[in-house]
Amino acid sequence: MRRNSPLVPYLFVLPLICLLAFVFGLSLIRLVEFSFKQVRGIDGPWIGLRNYELVLGQPLFWESVIHNLKLFLTIPVMVMVALVLALLLYERLPGWRIHRTILFLPYILAIPIIAVVMKEMFQFSGPVNAVLTALSLDFMVLDWIGSADVALWTVMGLIVWRETALGVILFLSRLMALDESLIEAARLDGASWRQRAWHVLIPQMRGVIEFFVVISAITMLSAVFAYVYVIGGGRGGPGTATMVIELYIFNALIRTSLPGIAAAVSVLLFAVSLLLIWALFRVRRREEA
Amino acid sequence: MTTTARRSPTGAGMMDRRRLLQAGAGLGALTLTGGLAGRALAQTPTLDMWWWGEQELPGLQAYLDKAIAAFTEAQVTPMLQDTAVVISQFQTAAAAGEPPDLQYLWNGIYHMESVWLGYLAHLDGLMDDGLLAASNHGPLSRFDGHVWRMGWYPLPMPWYYNKDLFDKAGLNADAPPATWDELLAACEALKTAGVEPFGGGVQDGYWAEWYITHGLSQNLDSVGDAVNLFIGDLDFREPRYHQHWVKLQELRDAGFLNKDMASLGLYPGIDLCVNGQLGICSSIGTRLPADAKTTNGRIGCMVLPVFGQGALAGRPVVDMQGMGIAAGSEAKEAAASFLNFLNQPAQLASFWEATGWIPAASGFDDSVITDASVKDLWTRWGKGDPITNITNLMPGQFYEQAAIPTGQNIITAGMSGEEAGELAARVAQEWRDFNPDLVEKYQQWASELSAG
Amino acid sequence: MRLRPLPHLALSIASAIALIPTVFMLVTALKAQEEYQADKTGWPDAFVFDHFRQILFDTPIFLWMANSLILVAGSVGLSLVVACLAAYAIARMEFRGRDAILTVSTALMAVPPVVLIVPLFVLYTRLGLISTYGGAILIYAGLITPFSVYLLVTFFRSLPQELIDAAVMDGATHLQILMRVVLPLSLAPLLTLVIVNALFVWNDLLMAVIFLQDDAKKTVMAGIAVFQGRYNNQIPLTMAGMAVAAAPMLILYLTFQRHFVRGLMAGAVK
């Protein structure tokens, strides 16, 4: 085919369109359709906005939303920890490469694996409490996964532990790409480490920090299923203490025979995720500009 | 993908590791025999069978392989299903018009929903009626005057108590507590002796379900009452219907529950009792052969001590696993004759031999049971006057949003029994709002069950 | 160089925290069951390898790994081809609908996988694709491709126009330009995609459980999920299972960790 035939670009994007249409296209249409139907089996009668009405009127749904929002609290923590660690690594102290290797390790471990390990460590009669007792820190001995007041915080701790690793690598790579002469100039001016970090380095990392924040926000909204599933005993427990939107959808679908309800919540979740992606796009565009 | 794929309380996770390892090793063999049989019997009818149970009853696979090889009227192709999809896989396939001929079925609502959706064929008139009745399918397999499921093997649900710990606390190990006051006294004695008295593990939720099985039924007069409660026709806010939760709160407030109860799963919780670290816990009969061996018969079985006033109070609970035939099967007669075949005395004996557990059918010669503990369990539960497990009547929504959270919240989050009753009543109302199309079916079911 | 105790200390503490769960997993896996019950934190009196022996020889772990490998290779490969072609066209050609395709593709990054289960399950049952490698590979490829397209478009746009102009002068077709000019310059982001996508597919549990129900098709994650169960208290054996399941990615990472990190860095934003 001739290079400048008008068909060429379409041939290039055709496989993409086919793949996405197959996996997402039909599915998303059915999803929207289901959200307006009372589905039994694989279909059901139209019921207008009833599913949305029911969901928005249910305390459990709002509890799930609030838990997702609480998970957003991990984001500033992750940003700060990752920033400090990246800046420290950037100092290239002796042995920094080993630290870099180790600090990224959590991200390599699969969530279903690491959550099982952590769940064991945080058992009431488990190793973490054993160590705390041995150190005479009895006041810190908590029922990490068994108490309704603590369980969500334990999940958040696990999320921070793993997802911060991505932040470290992202931030470090941005630092490595900086113009060395700027930093050298600051160093020669006698600026302390903290001054250099605050006035020279961090201002140039705004883009990557924003990127990490948006990526993390999407994670907190729609990619925490595996964490919660393992730590919350498969049900978002104890009680409903670790129930999140993804698990709400999963339960509606798999466990309570309500595909229509699951579809309605999915549509809501998708809409909110889209907003976040849109925000990401704006961030990137401003970066490029 | 429509339904309660919540797991039966005897879900896959319940297998212990040794059993799983055996199951894994058996897989290769199964594929092989299936393939060979296929070629040899090409002209006979073929039956697809989707089943589950190796997970809770190791040896079932070996038994089935043998039975299939011995069955000459049709070629049966078994597929062991994953726990999470036992129901949804069948329902989706049935909806798409390609169901298996034979399907494994958990009790009660776990198969009744498929009945209401028209996915199952009734077995009366299809199977041999005498054999069907003798399979002890139980009351929850009846609807609209028909029987929709064959009983395959029973699951007695005893409470364990550790006889050594009872001795240590100066209690009579041959006379476990029968009333609630006796239970409180026993717990006090155990606690004084430095033993954690009562509980298990509720982290994965099943303990909370089992507690309702034993506790709520004490204030019911029929299993139909249970349906009426779950769907909101009776009210959990009435004291008798949340008394079991008040009693659980009482145990918590007295400090009788084991302190790691909230972070342990169901089976590790039972292990505590077997290992001599916990006095009394809720268990399941299929575990007993192994647990009796581990403890040299020092595990006793009892029913939950009685506090309630209902007609069902104090009676042993036995759940039942089963098998059915898809409405969309093109070889229903052949499928039925395979089910008949499984109920022949020789097959029942082979079941026992392969699994070390008891098949449901009355035709089974139970004189082969030698272990004293298992024999005792079988005499008092299997052949006693048992009631069925009422949690099999719960809609999935009630199970997930009320049954499990109430128990967990009472144990871990300071919820009171009364608050648990309010939560349950609210969720029952929500279920009605979310499922207007099912209310009628449930009501018909409840009235049939109440009529007996 | 000045001795800097504070930064060293901070990094060491962070590294220790990052490492502890892995160490706990390995140490516990080597402990006897009885010893773990008595002492949950100490070093094993004697290393017990029997748990590893059980995992490796008494479970179909190698079958599970082979299945995971097939899925990773199939879906990551398919996705790369599809994404490279599309990203090249989007980044380097003018055509009607270009922006729309990119917008839609990028928006699909926001679809939580869980919402696709119902419609896809119904579709796959009708098409007979349940428990087939091909069916699962298509789903995984679909899930990872939007991010791949997004990343590659960004990268391809940053390549100097002169290089491509020169190739055009030489009379190269678009496919040739992509193969000979663009891709050789894009090894870093391609490596990023291979790593990120392989991790996603290898680590996924949700789709694996639902779309690969046949025992012979189980993935590592689905296999160990069943293995781990919920009612088990043989923690050392569980930990051995987790360690074996984590091993392939760990070994790959430690062996190629420079490439891992460099690849991820290359893919990172400015």
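Throughout, protein chains are lettered first and strands after them, A, B, ... in sequence-line order, and every chain is numbered starting at 1.
- For the set A:Gly126, A:Gly95, A:Ser125, the count of heavy-atom pairs under 4.5 angstrom toward chain C peaks at A:Ser125.
- Nearest heavy-atom pair across A:Phe24 and C:Gly142 is CE1-O, 3.2 Å.
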A:Val8/C:Met93 under side chain to side chain contact (heavy atoms under 4.5 Å, CB included): CA gap, chis, key distance, verdict: CA-CA 9 Å; A:Val8 170; C:Met93 297 183 203; 4.1 Å; yes
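- Between C:Leu205 and A:Phe225 the shortest side-chain heavy-atom distance does not fall below 4.5 Å.
- Side-chain contact between C:Pro7 and A:Glu91: absent, with no pair of heavy atoms (C-beta onward) separated by less than 4.5 Å.
- Both the backbone and the side chain of C:Leu143 come within less than 4.5 Å of a heavy atom of chain A.
- Atom OG1 of C:Thr28 and atom CD of A:Glu120 lie 8.5 Å apart (nearest 0.5 Å).
- Interface residue C:Arg96: backbone and side-chain heavy atoms are both found under 4.5 Å from chain A.
- Within the 4.5 angstrom heavy-atom criterion, only side-chain atoms of C:Thr22, from C-beta onward, approach chain A.
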C:Ile101 vs A:Ile17, side chain to side chain contact (heavy atoms under 4.5 Å, CB included): CA-CA, chis, key distance, verdict: CA-CA 8 Å; C:Ile101 291 173; A:Ile17 292 171; 3.9 Å; yes
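- Neither the backbone nor the side chain of A:Leu221 comes within less than 4.5 Å of any heavy atom in chain C.
- The parts of A:Leu105 that come within reach of chain C are both its backbone and its side chain, each placing non-hydrogen atoms under 4.5 angstrom from that chain.
- Using a 4.5 Å cut-off between heavy atoms, C:Phe24 touches chain A through its side chain atoms alone.
- Within the 4.5 Å cutoff, the side chain of A:Ser27 has no heavy atoms near those of the C:Leu123 side chain.
- Interface residue C:Leu127: only side-chain heavy atoms are found under 4.5 Å from chain A.
- When every heavy atom of C:Lys40 is checked against every heavy atom of A:Pro127, the shortest pair comes out as O-CB, 3.9 Å.
- In this structure, A:Phe12 CZ and C:Ile90 CD1 are separated by 12.0 Å, a value rounded to the nearest 0.5 Å.
- For the atom pair CG (A:Leu93) and NE2 (C:His8), the distance works out to 4.5 Å, reported to the nearest 0.5 Å.
- Heavy atoms of C:Ser105 lying under 4.5 Å from chain A belong to its backbone as well as its side chain.
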Steps toward side chain to side chain contact (heavy atoms under 4.5 Å, CB included) verdict (A:Met121, C:Ile20): CA-CA 10 Å; A:Met121 291 174 64; C:Ile20 282 174; 3.8 Å; yes
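- A:Ile113 CD1 to C:Met25 CE: the interatomic distance, rounded to the nearest 0.5 Å, is 7.0 Å.
- For A:Leu16, the parts lying near chain C are the backbone and the side chain together; criterion is any non-hydrogen pair under 4.5 Å.
- Heavy-atom pairs under 4.5 Å with chain A were tallied for C:Ala83, C:Ala10, C:Ala87, C:Ser12; the largest tally goes to C:Ser12.
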Under 3.5 Å, which donor-acceptor pairs do the side chains of residues 106-120 of chain C form with other protein atoms, sequence neighbours left out?
unit_1, atom_1, unit_2, atom_2, d
C:Thr106, OG1, C:Leu102, O, 2.7

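- The shortest non-hydrogen separation linking C:Leu250 to A:Ile108 is N-CG2, 4.3 Å.
- Heavy atoms of C:Leu206 lying under 4.5 Å from chain A belong exclusively to its side chain.
- Taking each heavy atom of C:Ser15 and A:His99 in turn, the nearest pair found is OG-ND1, 2.7 Å.
- With a 4.5 angstrom heavy-atom cutoff, C:Met221 touches chain A only via side-chain atoms.
- Distance check, rounded to the nearest 0.5 Å: CG of C:Leu11 to CG of A:Leu103 gives 6.5 Å.
- For a residue to count as touching a neighbouring chain, one of its non-hydrogen atoms must lie under 4.5 Å from one of that chain's; by this rule C:Tyr124 touches chain A with the side chain only.
- When C:Thr145, C:Leu138, C:Val149 are compared by the number of non-hydrogen pairs under 4.5 Å with chain A, C:Leu138 comes out ahead.
- Comparing A:Phe171, A:Phe212, A:Trp161, A:Phe270 by heavy-atom pairs within less than 4.5 Å of chain C, the highest count is held by A:Trp161.
- Residue C:Thr41 holds its OG1 atom at 11.5 Å from CG of A:Asn129, rounded to the nearest 0.5 Å.
- Between A:Pro15 and C:Val82, the shortest heavy-atom distance links the atoms C-CG1, 3.8 Å.
- Between C:Leu85 and A:Val13 the shortest side-chain heavy-atom distance does not fall below 4.5 Å.
- Between A:Val116 and C:Met239 the shortest heavy-atom distance is O-CE, 4.2 Å.
- Side-chain atoms of C:Tyr88 never come within 3.5 Å of backbone atoms of A:Pro9 as a donor-acceptor pair (strictly under, hydrogens ignored).
- With a 4.5 Å cut-off on non-hydrogen atoms, A:Leu274 touches chain C through its backbone and its side chain both.
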